[in-house]
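This report concerns only the one structure given below.
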Amino acid sequence: MSNASRDPFDVSAYPRKSSAYLRKSPHEHPATESHSVENDGEGNWRYALKRTRDAAAACLAVGILANILVAIPLTTELVAPAHAQVIPKSLEQGGTNAALRERRNAWTVGVAGGQLSGTYMTLADELAQVLDDGDNLRVVPIVTYGAASNLDDLLYLRQVDVVMAQSDVFEYFRTQRKTPHLEQRIHYIIRLPVSEMHVLAGADIKSIEDLRGKKVSFGPAGSASSLTGTIVFQRLGVKVEQVLLDNPTALEKLKSGELAALVRVIGKPVGFFAQIPPNSGLHLVPIPFSKIFTDHYTLGEFSSQEYPTLVPQGEKIDTIAVPAVLAVFNWPKNTVRYRRVQRFTEALFTKWDKFMEPHRHPKWRDVNLAATVPGWTRWSVAEEMLNRTQTYPRVAEFQQKDPRASVAELNRTQTYPRVAEFQQKDPRAGEFWPSLKYQDRSVMDLTQEQREALFRDFLRWRDKRAQR
């Protein structure tokens, strides 16, 4: 045979021959078989060995197939649960269309955040993550034109119950838009962290004055920068050629020289500025704070740690910052919209500690629940929750000086860790917080985790003292 010299055990040498032997009977090749058996004793041995091998392969193939067929049901049972979809409980509930529609909308709160890339939209999304409780309370974040237009949405847009807006927007609606009865219609739940005014420009722009007469983008219409930026430039008396471009487009035009600067009012740090590469020729322009800004604004700053490619190493740049609020429409009591936002507000205060968790946006840790906002009125439900959930250890100290001092008055000026939350975990907490001297700001700003660690240290100290 022509194949007699090949290794009979090298299966790869006979890929096609082997398959042919499995398909064809000896009667299909009589001449070949006669030659192999009669004329070559070694060939006879090879042929017998090949027949044995092919038969074993056939049996093996049949065995494997049988095992596969037997295993299929078992495999299906084992794998199916791993691939089964987890259906939310809210989708499992049945009922008529009218009942489902009523249940879905009964406790749904729409929260207007801002532009998708902005800090306020991130905060709105985290409000939904923390407070959303299925049919009991559903929070729907809404992407909008920006913090400036959010107040307009709260006044006139359906399904918007709570918005994030800047405090100077309120003044604009009151003085420029002449919105009637604004103080009675719009209140706030809590004061949100400040947003800093970023003015990005080329190396030839050293101050705001250098932008006089030049083309500057103030962001999209309705954004925070379109309002706050305009107010700041007007108060500084610097007239520029204002354009309203989206921020990515404005950045490209700034790089090409078509713009002298772009303005964005947003809570720092933000990736839009932090991701600008080094040696771009761009930098943040300082904005000096003066008495013309004391009504609605505060002093802010940028550091090289926050924006290493825009601020020289180890330096800081002054800027203007504007406080923001979580605003709500002052619905009449016992109405559907009132009860809906009431539940939202109660959940916000009772779950506040969850916003202090490390993976949440760092701006939450800058929020002082008791902080007031000039020109604004705190919503009655928020005021009630503030009084109910926070008990301050220095109340007695103030009341000794003045019996007229009340918790409500202290809430407007101070914020301290809550005694009640610790007393629920350990009744001994009642003697802990009054023992601290809250003269150091660092003690007041402790996180929830740090408070608990400090409390544990106190218990160990107290136990050792008792033993002595």
Side-chain angles (χ1 to χ4, degrees), residues 112-115 117-124 144-154 163-177 182 186-200 208 216-236 238 242 244 247 261-270 272-273 284-302 306-307 316-327 361-364 366-368 371-378:
Q115 299 178 60
S117 61
T119 303
Y120 292 145
M121 196 61 219
T122 301
L123 299 183
T144 65
Y145 295 121
S149 65
N150 282 352
L151 194 62
D152 197 59
D153 292 340
L154 184 59
V163 305
M164 296 185 181
Q166 292 164 216
S167 58
D168 57 349
V169 179
F170 195 85
E171 184 67 16
Y172 170 79
F173 272 74
R174 182 166 51 191
T175 60
Q176 302 297 320
R177 287 273 297 268
L182 188 64
I186 303 296
H187 290 175
Y188 77 98
I189 298 174
I190 60 172
R191 171 175 164 170
L192 293 173
V194 300
S195 291
E196 291 80 10
M197 181 169 170
H198 301 65
V199 179
L200 187 67
I208 295 295
V216 178
S217 173
F218 284 75
S223 64
S225 53
S226 67
L227 179 66
T228 300
T230 301
I231 294 174
V232 170
F233 271 77
Q234 287 177 346
R235 293 190 179 190
L236 291 173
V238 178
Q242 185 186 65
L244 301 174
N247 297 302
L262 68 83
V263 176
R264 191 168 183 186
V265 179
I266 190 171
K268 66 171 186 179
V270 61
F272 179 84
F273 295 99
L284 291 169
V285 181
I287 305 175
F289 188 86
S290 63
K291 62 181 181 180
I292 62 175
F293 296 117
T294 55
D295 53 350
H296 296 294
Y297 307 95
T298 184
L299 176 65
E301 64 179 16
F302 303 121
E306 295 159 341
Y307 299 123
K316 294 184 178 181
I317 296 178
D318 290 339
T319 188
I320 302 296
V322 54
V325 296
L326 193 62
H361 196 286
K363 279 290 187 180
W364 287 118
D366 294 337
V367 175
N368 177 349
T372 58
V373 184
W376 289 71
T377 301
R378 194 190 301 274

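Note that these values count all heavy atoms, side chains included, but never hydrogens, waters or copies made by symmetry.
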Would you say the side chain of Val265 lies within less than 4.5 Å of the side chain of Phe218, judging by non-hydrogen atoms? no
Under the side-chain hydrogen bond (donor to acceptor under 3.5 Å, both in side chains) test, residues paired with Lys363 that sit two or more places apart: none
Suppose we screen for salt bridge (Lys or Arg N to Asp or Glu O under 4.0 Å). Which residues come up paired with Asp366, at least two apart in sequence or across chains? none
Does the side chain of Pro193 come within less than 4.5 Å of Val367's, by heavy atoms? yes
Among residues at least two apart in sequence or on other chains, which ones pass side-chain contact (heavy atoms from CB on, under 4.5 Å) with Ser223? Gln115, Pro220, Ser225, Ser226
Going by the rule side-chain hydrogen bond (donor to acceptor under 3.5 Å, both in side chains), which residues pair with Trp376 if we only count those two or more places apart in sequence or in a different chain? none
Do Thr372 and Tyr188 have side chains that approach each other closer than 4.5 Å (heavy atoms only, starting at C-beta)? yes
Taking only residues two or more places apart in sequence, or in another chain, which ones meet Tyr307 in a side-chain hydrogen bond (donor to acceptor under 3.5 Å, both in side chains)? His198
Min side-chain heavy-atom separation Ile208-Phe233 under 4.5 Å: yes
Donor-acceptor under 3.5 Å (Arg191 side chain, Asn368 main chain): no
Value rounded to 0.5 Å, distance of CG in Leu154 from CE in Met164: 12.5 Å
Side-chain touch Glu196/Ile266, heavy atoms, less than 4.5 angstrom: no
Taking the side chain as C-beta and beyond, is there a heavy-atom pair between Leu236 and Ile287 under 4.5 Å? yes
If you define the side chain from C-beta out and look only at heavy atoms, does anything of Leu284 sit under 4.5 Å from Leu200? yes
Are the side chains of Lys268 and Glu301 in contact, using a 4.5 Å heavy-atom criterion? yes
Using distance alone, with no hydrogens and no angle criterion, decide if Gln166 and Ser195 have a side-chain donor and acceptor under 3.5 Å apart. no
Take Leu262 and Phe272 through the side-chain contact (heavy atoms from CB on, under 4.5 Å) test and state the conclusion after the steps. CA-CA 12 Å; Leu262 68 83; Phe272 179 84; 4.2 Å; yes
Which residues pass the side-chain hydrogen bond (donor to acceptor under 3.5 Å, both in side chains) test with Arg177, not counting sequence neighbours? Asp152
